[in-house]
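Here the structure is laid out as structure tokens; the discussion comes afterwards.
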Amino acid sequence: YEIGVRLVGSEMCIRDSGPAYPAGRAPYVGLPAGLRDAGFPAAGGRGLHLRTTTFFLQPPARRYRMSIITSFRAGLAFFTRIPVGSAPLPPTLSGVVAWLPAVGLLVGALAALALLLAARLGLPAALCGIGAAFVWTVITGGLHLDGVADCGDGLLVETSPERRLTIMKDSRLGSFGALALFFVLSTKVAALAALAGTTPLHALGACCLAGLLGRCQVFVGMRLPSARPGGLGSMMHDGMKPRYAYTALGLCLAACLVMGRHGLYGLLAAGLVAFWLLSAARKRIGGVTGDVFGALIETTECAVLAVCCLP
């Protein structure tokens, strides 16, 4: 419905493109109390002596629903660079956030396949690790590594929370961000190189577990408030539903059971990373952002891959 109100002398003319409603029954949101309670006469009616300005009202927004296939394609298109075609995103990321665990499993499996293929070709372990890390980065488009760099630049400096958020939003790379990128990537490459010498099943499980736990950490981070309204972190908060977190928790526990003691090591490592990084984010910027989520994913992946190299 759309209602236009314009002044005609000392009276009001109402142009109503919807049906007339009795007093107090009009389902329009945001009307001044006097006009809302007066009711609406027929189109073109006269006699409302109110001082107001022209305004247009829209009906309450309908719930945006996506099919399972569409939401999964949207999740792949948003969180990876896998060519699945364009898919519409909802006003919030509701329905898309639910696929984070599945995306993590898929990314880890593809990186593991690259690692096993390189080892099968007889390449040295170091080159196997570099190749697998390269495939891992290409699949995600470096989306989460950008968060590592921004958090390195913003969270490690001694300044006000507002200044830290400004630094994290800056696209330029600083020295702390470069160091954070170096240590994260070198740790991932070294861990993947070590996994190249293990059994194929263990390497596949370790990569899948790292991708899964890394992205399920996002649900843990959503327990903190958003530090930058309107950003990616705020969108993910808006699209969050409790059942998504419960599903992610069940998948994580099942994957850890399958991996045995290395699954337990990975779960403990993920918990320590989440506690350390989220505590720092809450203390230094007052909450989480999309960059914090990206850094949380990458650091968790490195920690899980590293502990899966233990005997």
Side-chain angles (χ1 to χ4, degrees), residues 60-61 63-64 66 71 74-80 88-104 140-174 176-177 180 184 212-249 252 270-301:
R63 183 175 297 177
Y64 193 97
M66 302 176 70
S71 61
L76 287 178
F78 188 80
F79 295 114
T80 71
L89 284 176
T92 65
L93 292 180
S94 179
V96 178
V97 178
W99 292 104
L100 270 171
V103 171
T140 60
L143 175 67
H144 310 309
L145 289 174
D146 179 71
V148 172
D150 289 338
C151 286
D153 285 332
L155 296 182
L156 297 180
V157 297
E158 296 300 330
T159 184
S160 64
E162 294 77 14
R163 178 58 181 162
R164 290 192 181 101
L165 287 172
T166 302
I167 293 173
M168 292 171 68
K169 196 174 182 180
D170 194 340
S171 60
R172 291 172 294 182
L173 179 63
F176 287 132
V184 165
L212 174 64
L213 290 180
R215 280 150 188 83
C216 288
Q217 291 278 60
V218 172
F219 298 104
V220 179
M222 287 184 189
R223 297 180 63 86
L224 298 184
S226 177
R228 183 185 292 124
L232 176 59
S234 179
M235 289 180 61
M236 297 183 75
H237 267 93
D238 295 339
M240 175 60 182
K241 294 182 179 179
R243 66 174 182 268
Y244 299 162
Y246 297 146
T247 303
L249 176 61
C252 288
L272 291 175
V273 168
F275 176 78
W276 167 71
L277 185 56
L278 294 178
S279 296
R282 185 168 189 171
K283 178 180 179 181
R284 291 180 172 266
I285 59 175
V288 294
T289 64
D291 289 328
V292 174
F293 288 143
L296 186 60
I297 291 173
E298 286 290 339
T299 51
T300 300
E301 287 177 347

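Along the sequence shown, residues carry numbers from 1.
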Review item, side-chain donor-acceptor pairs of residues 277-284, under 3.5 Å, at least two apart:
from   : atom 1 : to     : atom 2 : distance (Å)
Ser279 : OG     : Phe275 : O      : 2.6
Arg284 : NE     : Leu155 : O      : 3.2
Arg284 : NH1    : Leu155 : O      : 3.1
Arg284 : NH1    : Val157 : O      : 3.3
Arg284 : NH2    : Glu158 : OE2    : 3.2

Roughly how far apart are [X] [atom1] and [Y] [atom2], rounded to 0.5 Å?
X	Y	atom1	atom2	result
Thr247	Leu100	OG1	CG	12.0 Å
Leu165	Arg163	CG	CZ	11.0 Å
Asp291	His144	CG	NE2	12.0 Å
Leu156	Thr159	CG	OG1	13.0 Å
Leu272	Thr300	CG	OG1	10.5 Å
Tyr244	Met222	OH	CE	10.0 Å

Q) Does the side chain of Leu249 reach to within under 4.5 Å of the side chain of Cys216, using non-hydrogen atoms? A)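 No. Closest side-chain heavy atoms not under 4.5 Å.
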
Q) Where the side chain of Asp153 meets the backbone of Met168, is there a donor-acceptor pair that is under 3.5 Å apart? A)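 Looks like no, no N/O pair under 3.5 Å.
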
Q. Counting distance only, does the side-chain N/O of Glu298 pair as donor-acceptor with the main-chain N or O of Val184 below 3.5 Å?
A.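 Looks like no, no N/O pair under 3.5 Å.
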
Could you report the tightest heavy-atom contact between [X] and [Y], atom names first, then the distance?
X	Y	answer
Ala295	Gly147	CB-O, 3.9 Å
Phe219	Val97	CZ-O, 3.6 Å
Pro101	Ala248	CG-CB, 3.9 Å
Gly214	Ile297	O-CG1, 3.3 Å
Leu213	Cys252	CD2-SG, 3.6 Å
Leu143	Phe78	CD2-O, 4.0 Å

Q) Passes side-chain contact (heavy atoms from CB on, under 4.5 Å), Thr289 versus Ser226? Steps please. A) CA-CA 6 Å; Thr289 64; Ser226 177; 5.9 Å; no

